[in-house]
There are 2 protein chains.
Amino acid sequence: MSKQALIQFIQNVLPMSEEKAKQISQHFNEKLFLKNDYILKEGTVCRESHFIEEGLVRGYVVDLDGNEVTTHFYSNPIFANDFLSFFKRVPSKINLQTLSNCKTWVISYDELQQCFHTIPEFREFGRMMLINSYSRLQNRMLGMLQLSSEQRYEKLIKTHPEIFQNTSLKNIATYIGITDTSLSRIRKELLHK
Amino acid sequence: MSKQALIQFIQNVLPMSEEKAKQISQHFNEKLFLKNDYILKEGTVCRESHFIEEGLVRGYVVDLDGNEVTTHFYSNPIFANDFLSFFKRVPSKINLQTLSNCKTWVISYDELQQCFHTIPEFREFGRMMLINSYSRLQNRMLGMLQLSSEQRYEKLIKTHPEIFQNTSLKNIATYIGITDTSLSRIRKELLHK
DNA sequence: TGCATTTCTTACCAAATGACAAGAACTTTT
DNA sequence: AAAAGTTCTTGTCATTTGGTAAGAAATGCA
């Protein structure tokens with residue numbers, strides 16, 4: 001039961017001694033998921049934060065017509081949760097579902113709060129993670145504003161090729177804000193280049 | 001020199017006693033800006049965080065063709081800064097420019113760090129602000145994924161009409177991810193309804 | 001005030017995208 | 001293995017959007 005990946009991740013987010021990172025990692029427990037399991041269901045409060053060590057997780061919402069819209073892909077190494085629901089303890093509006101068997105390291109809200117109070121490096125790490133997440137989202141938003149559909153697709157396949165091996169093109173299409181039909185056409189054109 | 005708006009904002013973000021909120025607010029100083037002043041220029045490190053009490057601020061980036069893309073509008077009551085640049089002390093990629101005369105309450109990075117260490121409620125407030133910002137951005141991203149251009153325009157004018165009084169339609173167009181030509185057409189159609 | 005600049009609208013046309021439907025390829029279930 | 005369901009592609013057509021340009025309106029500046 002090696003937490004090496006988690007320890008490494010913590011140190012990457014916030015440089016600190018290995019001892020300190022190990023101390024933090026001790027508050028996480030292993031959890032295994034099968035493909036299609038739900039880590040979080042909309043309407044419930046997100047009470048755990050998961051470090052994804054293995055596997056792929058998809059976040060999505062369901063719109064009024066019943067269509068799923070992919071809001072996030074979470075692939076190793078990253079934390080998966082709904083920040084708003086987790087920290088404010090309000091019902092979540094998103095679903096987190098595994099796209100493959102997954103291995104995660106989990107910490108509960110209560111334990112995390114406890115650690116925030118007692119380990120300054122942990123809360124600093126938490127802040128850095130939030131900032132990194134905000135920055136990534138900001139970057140993605142910028143892509144929505146200034147890139148074409150084709151460019152967004154190319155960017156995704158270049159930066160996160162692993163996503164394509166575990167989910168449908170339909171899910172990828174809604175993630176970049178287009179229909180599956182349109183994505184299929186884009187893929188066809190790119191083949192001819 | 002009343003900090004009432006700031007104190008109120010702090011208490012709204014994180015419920016706490018008025019005494020505590022006042023104590024926090026004491027670390028902020030008043031700053032006045034004229035229209036078109038820069039609060040932050042790209043390439044420089046964001047060393048201050050500004051609570052906007054009066055006025056409107058626009059965040060934007062410049063793309064390869066020299067076109068400005070509006071990334072944010074900041075209107076009272078809200079904090080304006082570049083989280084990534086501010087907390088990681090790296091050069092910012094965005095510009096923050098006032099669209100009107102502004103009155104802000106400012107705190108420097110150093111003072112904020114100091115306060116984070118000495119006032120638990122302050123750092124908790126900081127975390128809540130980050131989460132709120134993340135959540136708003138997430139919500140906006142969701143709008144990009146599942147709303148039409150027209151719907152995004154209508155949502156913006158409904159939730160933030162004040163923006164329209166201080167900036168050009170061109171800036172609003174890039175904010176919702178369309179061209180000014182397209183926005184003009186949308187406005188025309190909405191008039192006929 | 002008068003000139004220059006910017007903003008906003010409108011028109012035209014080409015390109016991109018969506019809605020819908022059909023069929024092929026592939027998976028899952030029974 | 002057969003049936004049912006899903007995914008992906010393709011075609012058609014209507015709609016939306018972008019690029020460009022021109023002109024009107026508004027604004028800023030000398």
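First the proteins, then the strands, lettered A, B, ... as listed; each starts at 1.
At least one donor-acceptor pair under 3.5 Å links the side chain of B:Q151 to the backbone N or O of B:S148. Between the side chain of A:T70 and the backbone N or O of A:N171, at least one donor-acceptor pair lies under 3.5 Å. Checking side-chain atoms of B:S85 against main-chain N and O of B:V90 turns up a donor-acceptor pair under 3.5 Å.
B:F9 and B:F79 have their aromatic ring centers within a separation under 6.0 angstrom.
A:R187 comes within 4.0 angstrom of the backbone, heavy atoms only, and of no base. Within the 4.0 angstrom heavy-atom criterion, only backbone atoms of the sugar-phosphate kind lie near B:T179; the bases stay farther away. B:S184 comes within 4.0 angstrom of a base, heavy atoms only.
Here D:dT15 presents its C1' atom at 12 Å from CD1 of B:I186, a figure rounded to the nearest Å. Across the protein-nucleic acid pair, B:N36 atom CG and C:dT5 atom P stand 18 Å apart, rounded to whole Å. The interatomic distance linking B:E189 (CD) with D:dT16 (P) rounds to 6 Å, in whole Å. As a whole-Å value, the separation of B:L191 CG from C:dT9 P is 9 Å. One can place CD of B:Q146 at 16 Å from C1' of C:dG18, the figure rounded to the nearest angstrom. Atom CG in B:N166 sits roughly 16 Å away from atom C1' in C:dT7 (whole-Å rounding). Residue B:L99 contributes atom CG, which lies 16 Å from atom C1' of D:dT27 at whole-angstrom precision. Remark: P of D:dT6 and CD of A:E68 are 11 Å apart, rounded to the nearest angstrom.
Checking D:dT9, D:dG11, C:dT9 against the side-chain heavy atoms of A:L169 singles out D:dT9 as nearest. Considering only side-chain atoms of B:D180, the nucleotide from C:dT9, C:dT7, D:dC8 that sits closest is C:dT9. Of all nucleotides listed (C:dT10, C:dC20, C:dT7), C:dT7 comes nearest to the side chain of B:S168. With distances taken from any side-chain atom of B:I178 to the nucleotides D:dT20, D:dG18, D:dT7, the minimum falls on D:dG18. Closest to the A:S149 side chain, of the nucleotides C:dT17, C:dT10, D:dG18, is C:dT17.
Nearer the 5' end of DNA chain D, as judged by each residue's closest nucleotide, is the contact made by A:K170, out of B:S182 and A:K170. The nearest heavy atom of DNA chain D to B:K35 and to B:R152 marks one nucleotide each, and the one closer to the 5' end goes with B:R152.
Judged by the 6.0 Å distance and 45° axis criteria, B:R127 is not positioned over the aromatic ring of A:F83.
Distances shown here put every side-chain N or O of A:K188 at or beyond 4.0 Å from the OP1 or OP2 atom of C:dA16.
Judged by distance alone with a 3.5 Å cut-off, no donor-acceptor contact links the side chain of A:R185 to the base of D:dG11.
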